Amino acid sequence: MSKFYNHDRQSIYFPGSIQPHGILLALEESKLAIVQASVNTEAYLEIPYQNLLGQQIETLLEAQQLKAIHSCLSKDFSGVNSLKLSIRTQKGDRPFNALLYRLPGVVVLELEPLYLQHQESLFSVSAAVKQAIAQWQQVSTYREFLQSVAEEIHNLTEFDRVVVYQFDAQKAGEVIAEAKREDLPSYLGLHYPASDIPEPVRQLHQRGILRFIPNLKAAAVNLLPEINPVTEQPLDLSLAMLRSVDPCCVEYHQNMGVAAIMVISLVKDRTLWGLIACHHQTPKFVSYEIREACELLGQFVMAELASKVDREEQSYIAKLQSLQSEFLQSISQAEDLKSALVNPAPRLLDLVSAQGAAVCLEDEITLVSATPTFEQLRNLINWADTQLSNSLFYTDSLPKLYPEALAFKDVASGLLLLQISKVRRYYILWFRPEVLQTINWAGDPNTFVTVADGGTLSLSPRKSFEKWQETVRFTSLPWKGCELDQALNLKSAIVGIVIHKADELARINRELERSNQELDSFAYAASHDLKEPLRGIHNYSTLLLKGYESVLDDMGKYRLHTLIRLTRRMESLIDVLLKFSRLGQTQLHLVPTDLNQLVSRVIEDLRVSRQQQVEPIIRIPRSLPTVNCDAVLVTEVFTNLLSNALKYNDKAEQWIEIGYLDAQETESYQSSAPIIFYVRDNGIGIQKRHLEIIFRLFKRLHEQHLYGGGTGAGLTITKKIIEYHGGRIWVESTPSVGSTFYFTLST
Ligand code: ADP
């Protein structure tokens, strides 16, 4: 590129020249003597600029005109004064539209001839303004409103094309409304990088001054002398309506085929919200009155826009809030959190206007719409978890912060992650795609002619669009404050409901505990009281048998014997019940207990009580650990399990193995996982369908006289003791091969 344009403040604000459709005079402040003039004065005043230098302004004006100027100056004005002035020329008085303003030490007077043929009737301009305003009040959304603005300005000014740009937070512009000559291609939907408007120019627009360039090709007119004798510097033309056009701007517009432009600034809260840009393919003059009307309309647009944007923002927030309350309702009613969040799926997306989401409850991840893969998500969560602040992490350019995201930028260039719980790994993630995927291609930029670089700076809508694409690569639409609020509100709602549910659960638990206790004491009282009449029945039966033996026949004696046997059996059942109910009422005495000692005592006791049986082989593959438990109750556990292992075995060579699993052998291996103990035998085994029911009270699988009898309560008591310790028990078995009872003593 051979040409370099200087976009600095100096060259834009102090170009030393003006556009040729008016003249500029710089006056020394005290005497209002002309110290600088544009060199085109002869064309408008019939006086060469050299003759004007040093003259006082009053030589050009009638007394009344001079008074008007003095009255402006005496007001200590800071802004720009617009007035109509009549200037004496050799061909008589000539009317001008004048701008008067003060710079340090200098007063500037800009004059633009007032052409009768251009003079609009004030009536028609104000009618057009009224009509425009009336029209704008009809529309509700701000896009419709801006479309109507473009159309009304198009009607009023008759430019070939009127577009409304809106700038985003990065100052890139988007054409959001357009009114144009039918045969021209549309620019609607096109985006421009921030760099298309140099910062100093942006600042000028921000001041809200209308910029008018009737002919981009017209040669600029110099100001002489170049250096202002009062300030000893070139004149500051930043406020000048006639300021000449910087060459970059000329070229930029010429590449778009534009010869005349007018730009109305849209300023909101002191920042440049957007621009209304008017383009014409041929030079075009717009009357001063119409320009003033446009400036006024620009201000009206801003006032109206602020309220329309606010209204739209409000209705968006209201929509989000109603979604939020729907969530609240379904979460509070749902059985599980996940389905309340993801059913219906669009609701979760709409809550923050995302295109994808993931709900992660510990290791369970549920995906909604467009998202990264499970594997990518797991890594992403691990990373984002370190970036959290206030339970939230959000970005609209994830790949720039987290390079792995490049792989899934199409679905997640934007991420909003909400941490629901610090203790549990509960997260909700929302995703937005790269902006480039989001663009609504209202106008197809490919239809624009690309201007070849050919040694010149050649920007065109097409090239600008490409440049803009570069700047928005890897970014999504930004997350709005109200969307972040909704995410946080959702968290409070979930936490609130979960806490409420936990309270509810605690209440139910207390209730259950109380009724369990009541049940235990009832069972205790009942079984205790039952024993007395039972003993009476037993005693009387025995007495009957002894005292009336001679009178009773064999059948009578047999029946009395059966009665006595049944009362004994009933007594042992009642004893079990008593024991069982007492268990619920005793306190655990947890002490570190060496299970090796405990188990060997149990084996010893069993040996003594079962002397006549086959001597089994008892294997303990490795030393058992010392655990915190109630030694008396755990003795009972081993006694029950070992005696069953001995009882339910019909093999010639019987063996029992007592041990515990290695951590790796356990399915859900965690460092804090409880030890899993086991008692294994090579006995008769248990059929699959009986694996659960053997733990029920009084449940036996065999007739009373088989396998040494029993009450069917041993495993029930064992289970109760284990659960009392916070553990669980289960069995694996193969009929005829053997059984393994597993248990833990804590969870
Ligand atoms: P009981 O031994 O008094 O019948 P338990 O509650 O201890 O009562 O056992 C319930 C039932 O479970 C037993 O009747 C038996 O059928 C079965 N069972 C218990 N342990 C074993 C085992 N090691 N092998 C096979 N069956 C068993």
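Numbering of ligands and ligand atoms starts at 1, following listing order. Because only heavy atoms are used, hydrogens play no part in the values below, and waters and symmetry mates are left out as well, while side chains stay in. From a predicted model like this one, the values you see are computed outputs, not experimental measurements.
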Is Lys719 atom NZ crowded by more than 12 heavy atoms from other residues, nucleotides or ligands, each under 6.0 Å away?
no
Residue contacts for ligand 1, heavy atom to ligand atom, distance under 4.0 Å
Asn644, Ala645, Lys647, Tyr648, Asp681, Ile684, Gly685, Ile686, Ile694, Lys699, Arg700, Leu701, His702, Gly710, Thr711, Gly712, Ala713, Gly714, Leu715, Ser739, Phe741
Kindly indicate whether a cation-pi arrangement holds for Arg535 with Tyr540, taking the cut-offs as under 6.0 Å to the six-membered ring centre and within 45° of the axis.
no
Can the positive tip of Arg347 be found less than 6.0 Å from the middle of the six-membered ring of Phe327, inside 45° of the ring normal?
yes
Looking at residues at least two apart in the chain, or sitting in another chain, which of them share a side chain to side chain contact (heavy atoms under 4.5 Å, CB included) with Asp385?
Leu388, Gln419, Tyr427
Leu544: partners by side chain to side chain contact (heavy atoms under 4.5 Å, CB included), with sequence neighbours left out:
Tyr548, Leu560
State which residues pass side chain to side chain contact (heavy atoms under 4.5 Å, CB included) with Glu504; sequence neighbours excluded, sorted by chain then number.
Arg507, Ile508
